Amino acid sequence: MAEVRLVELAHARSGDKGDTANVGLIVYDEEDYPLILKMVTPDRVKKHFKHLVKGPVERFRLDNLHAVNFLLHGALDGGGTVSLMTDAQGKVFSTALLRMKIEVPDEVAERVRGRGRYPAAGAGDSR
């Protein structure tokens, strides 16, 4: 087994509604979706955000999209209209979630290593 960051397996989008941040996590490869379901649980996401998320974390499966959506309750100090937080709209929660590390089989780690941070070899290369 090896450890990789979620950014190597998926991309994400986030936003807000009141005091709740919303994070969608979408896998690059359909074959990695079961790993996300197994390893990226509401408890692990709550632990990853430690003191930032004061309420519960809910996870919703979007099997047809090979994605999951998390609601992070109590994450925005009241929300954009009342909070003095730097990011009271939750825009950076997706980037923060992608930094989470999970264990994957060695062959998966070898296949995805560097994805999400660097273009694939030869991608966009005009040399």
Side-chain angles (χ1 to χ4, degrees):
M1 295 295 277
E3 199 171 67
V4 299
R5 291 189 189 274
L6 286 179
V7 72
E8 296 175 306
L9 294 166
H11 59 102
R13 298 281 298 181
S14 59
D16 68 282
K17 193 64 160 177
D19 194 27
T20 301
N22 173 65
V23 182
L25 186 66
I26 307 102
V27 297
Y28 293 123
D29 297 323
E30 178 180 334
E31 65 194 280
D32 296 327
Y33 185 55
L35 281 170
I36 296 296
L37 293 177
K38 180 180 177 184
M39 301 302 294
V40 188
T41 64
D43 287 340
R44 292 200 62 204
V45 170
K46 172 100 172 163
K47 221 177 270 184
H48 178 71
F49 285 112
K50 297 177 187 160
H51 64 281
L52 291 177
V53 177
K54 294 177 177 41
V57 172
E58 292 181 273
R59 181 180 80 174
F60 299 90
R61 291 174 55 156
L62 302 162
D63 295 338
N64 59 326
L65 300 174
H66 306 105
V68 289
N69 189 53
F70 291 95
L71 295 182
L72 314 175
H73 297 279
L76 300 173
D77 195 30
T81 59
V82 297
S83 176
L84 296 176
M85 288 177 64
T86 304
D87 180 29
Q89 280 81 39
K91 302 298 180 202
V92 299
F93 275 88
S94 59
T95 303
L97 182 60
L98 290 174
R99 295 180 60 81
M100 182 176 158
K101 293 179 180 178
I102 64 170
E103 282 195 352
V104 299
D106 291 332
E107 57 275 8
V108 172
E110 286 178 36
R111 177 172 50 82
V112 304
R113 189 78 64 203
R115 184 190 284 170
R117 288 181 283 170
Y118 310 107
D125 192 355
S126 59
R127 290 185 249 162

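Keep in mind it's a predicted model, so treat the numbers as computed, not measured.
Counting heavy-atom neighbours within 6.0 Å of R44 CZ, excluding the residue itself, gives a total above 12. Counting non-hydrogen atoms of neighbouring residues, nucleotides and ligands closer than 6.0 angstrom, the CD atom of E30 reaches no more than 12 such neighbours.
The CG atom of L72 sits 10.0 Å away from the CD atom of E58 when rounded to the nearest 0.5 Å. The CG atom of L25 sits 13.5 Å away from the CZ atom of R13 when rounded to the nearest 0.5 Å. Atoms NE2 and CG, from H73 and N22 in turn, are 9.5 Å apart once rounded to the nearest 0.5 Å. A distance of 8.5 Å separates CG in D29 from CG in L9, rounded to the nearest 0.5 Å. Rounding to the nearest 0.5 Å places CZ of R5 at 4.5 Å from NZ of K101.
The two atoms that bring A96 and H48 nearest to each other are O-NE2, 2.8 Å, heavy atoms only. Looking at every heavy atom in both residues, A21 comes nearest to F93 through CB-CD1, 3.9 Å. Nearest heavy-atom pair, A10 versus L98, reported as atom, atom and distance to 0.1 Å: O-CD2, 3.5 Å. Between V23 and S14, the closest heavy-atom pair is CG2-CB, 3.9 Å. In this structure, V40 and R59 approach most closely via the heavy-atom pair O-NH1, 3.0 Å.
Under the 4.5 Å side-chain heavy-atom criterion for grouping Ile, Leu, Val, Met, Phe, Trp and Tyr, L37 is connected to L97 within one hydrophobic cluster. At a threshold of 4.5 Å between side-chain heavy atoms, the hydrophobic network of Ile, Leu, Val, Met, Phe, Trp and Tyr places L52 and V57 in one connected group. A continuous path of Ile, Leu, Val, Met, Phe, Trp and Tyr side chains, each step under 4.5 Å between heavy atoms, connects V45 with I102, placing both in one hydrophobic cluster. Residues M39 and M100 share a single hydrophobic cluster, defined by chaining ILVMFWY side chains whose heavy atoms lie under 4.5 Å apart.
Other members of a hydrophobic cluster containing Y28 are absent, since no ILVMFWY side chain comes under 4.5 Å of it, directly or through relayed contacts. L62 forms part of a hydrophobic cluster together with L65, judged by ILVMFWY side-chain heavy-atom separations under 4.5 Å.
The only member of V68, I26, T41 that meets side chain to side chain contact (heavy atoms under 4.5 Å, CB included) when paired with I36 is V68.
By the 4.5 Å heavy-atom criterion applied to side chains, V104 and V112 are not counted as neighbours.
At least one donor-acceptor pair closer than 3.5 Å links the side chain of E8 to the backbone N or O of G114. Without hydrogens or angle criteria, H66 side chain to E31 main chain gives no donor-acceptor distance under 3.5 Å. Remark: side-chain polar atoms of K46 are paired, donor with acceptor, to backbone N or O of G55 under 3.5 angstrom.
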* Go through V27 and L35 one step at a time and tell me if the side-chain contact (heavy atoms from CB on, under 4.5 Å) criterion holds. => CA-CA 10 Å; V27 297; L35 281 170; over 6 Å; no
* side-chain contact (heavy atoms from CB on, under 4.5 Å) between D32 and R111, intermediate numbers included -> CA-CA 11 Å; D32 296 327; R111 177 172 50 82; 2.6 Å; yes
